[in-house]
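Taking it in order: structure first as structure tokens, then the write-up.
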Amino acid sequence: QTINLTSVTAGSCTQSINNQSTVIVRPITTPTFTQWGPYCKNDVLPQVMLPGTSNEGITGSWNPGMVSTSTEGTFIHTFTPDAGQCALNATMNIVVNPLPQGVDAGPSFTIASGSGIQLQGTGQGSLVLWTPSVGLSNTSVLNPIATPSITTTYTLTLENNYGCKATDTTVVNVNNNCLEPMKVFTPNNDGIYEKWIT
């Protein structure tokens, strides 16, 4: 808008003054930001402070200004522009999803070389994965049979519908000096391996 100033003196004709004043009316802007999240509980973030400048160059501050993944839930952060800017407040909802519950790879075992044991994994998850796969009958069930040739640490990973993962480990110790009585002790009166002597 351009405003023309006209001066009127009492009892005189009007006099137009050539000086002009320009008034610029700027639109009110709603600040926008790149969305953060969703995250999984206990995720490590590359940065924890929300940006103080919007995509449009509007500066301001957040309340709260720090993002934390220590607690699951939906958290509302409010951005307030600095004074003197034609901008509205803005909000960002940051979601922290839960981890799979009750993930437990079960107890450790000691087995004789060449034998196997059923792992006792438990927990709630839509996807199951055991690693490494060596010596396992199935890597995608909670209770596979493990027949490793050497002592092996197995990791159980469960993933829920949010894509969040939790892990636990168990060890299957392989004892190469362990004898199995059923293979060497046969008391069936055939004269062979009738006695078990320790």
Side-chain angles (χ1 to χ4, degrees), residues 1-7 17-108 119-133 138-144 153-171:
Q1 296 177 350
T2 300
I3 300 174
N4 294 313
L5 178 61
T6 300
S7 175
I17 299 175
N18 293 327
N19 291 339
Q20 294 183 347
S21 177
T22 301
V23 178
I24 300 174
V25 180
R26 293 187 175 92
I28 297 178
T29 302
T30 299
T32 62
F33 299 85
T34 301
Q35 177 66 45
W36 285 34
Y39 299 109
C40 296
K41 185 179 178 182
N42 299 329
D43 272 355
V44 177
L45 305 180
Q47 66 182 68
V48 296
M49 298 301 297
L50 288 167
T53 304
S54 75
N55 297 332
E56 299 78 17
I58 297 168
T59 60
S61 58
W62 289 91
N63 184 28
M66 180 178 293
V67 176
S68 172
T69 62
S70 61
T71 305
E72 62 192 64
T74 299
F75 304 94
I76 301 175
H77 296 253
T78 302
F79 178 79
T80 302
D82 292 335
Q85 301 178 100
C86 296
L88 300 174
N89 288 359
T91 60
M92 183 185 298
N93 292 348
I94 297 180
V95 176
V96 180
N97 289 313
L99 297 174
Q101 299 298 305
V103 179
D104 186 351
S108 296
L119 300 182
Q120 302 299 312
T122 57
Q124 299 176 4
S126 54
L127 294 175
V128 178
L129 179 64
W130 286 95
T131 55
S133 61
N138 192 328
T139 60
S140 59
V141 296
L142 284 172
N143 307 122
T153 299
Y154 289 106
T155 299
L156 170 63
T157 301
L158 294 185
E159 181 177 336
N160 60 22
N161 292 331
Y162 301 108
C164 298
K165 299 177 181 179
T167 64
D168 192 36
T169 60
T170 187
V171 179

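Since the model is a prediction, treat every value here as computed from it, not as a measurement. Just so it is clear, the values below take in all heavy atoms, side chains as well, and ignore hydrogens, waters and symmetry mates.
Summarising the geometry, atom SG belonging to Cys40 is positioned 8.5 Å from atom CD belonging to Glu159; distances are rounded to the nearest 0.5 Å. Taking OH of Tyr154 as the start and OG of Ser133 as the end, the distance is 8.5 Å to the nearest 0.5 Å. With rounding to the nearest 0.5 Å, the separation of CG in Leu45 from CE in Met66 is 10.5 Å. Annotation: the span from Gln101 atom CD to Leu158 atom CG amounts to 10.5 Å, rounded to 0.5 Å. Asn143 CG to Gln120 CD: the interatomic distance, rounded to the nearest 0.5 Å, is 5.5 Å. Rounding to the nearest 0.5 Å places CG of Asn42 at 10.0 Å from SG of Cys164.
Looking at heavy atoms from C-beta onward, Val67 lies in side-chain contact with Trp36 at the 4.5 angstrom threshold. Taking the side chain as every heavy atom from C-beta outward, Phe75 and Val96 approach each other to under 4.5 Å. Using a 4.5 Å heavy-atom cutoff, the side chains of Gln85 and Thr59 are in contact. Side-chain contact between Tyr162 and Pro98: present, with at least one pair of heavy atoms (C-beta onward) separated by less than 4.5 Å. Within the 4.5 Å cutoff, the side chain of Thr170 has no heavy atoms near those of the Thr153 side chain. For the pair Val128/Val141, no side-chain contact is recorded, criterion being any heavy-atom separation below 4.5 Å from C-beta on. A heavy-atom distance below 4.5 Å is found between the side chains of Pro81 and Asn89. Inter-residue side-chain proximity for Leu50 and Met92 is flagged as met; some heavy-atom pair is nearer than 4.5 Å.
Counting all heavy atoms, side chain and backbone alike, Ala87 lies closest to Ile58 at CB-CD1, 3.6 Å. Residues Lys165 and Pro100 share a closest heavy-atom pair of C-CD, 3.9 Å. For the residue pair Pro31 and Ala90, the shortest heavy atom distance occurs at O-CB, 3.6 Å. Heavy atoms only, all atoms of each residue included: Pro144 and Trp130 are closest at CD-NE1, 3.4 Å.
Residue Leu156 forms a side chain to side chain contact (heavy atoms under 4.5 Å, CB included) with just one option from Thr139, Thr169, Leu129, Leu142, and that option is Leu142.
Of the N and O atoms on the side chains of Thr32 and Glu56, at least one donor lies less than 3.5 Å from an acceptor on the other residue. Between the side chains of Asp104 and Thr122, not a single donor N or O lies within less than 3.5 Å of an accepting N or O.
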Task: side chain to side chain contact (heavy atoms under 4.5 Å, CB included) between His77 and Ile94, worked out - done: CA-CA 8 Å; His77 296 253; Ile94 297 180; 3.8 Å; yes
TODO: List the steps and the verdict of side chain to side chain donor-acceptor pair (under 3.5 Å) for Asp43 and Thr69.
DONE: CA-CA 6 Å; Asp43 272 355; Thr69 62; over 6 Å; no
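The ring of Trp62 has its center closer than 6.0 angstrom to the ring center of Phe33.
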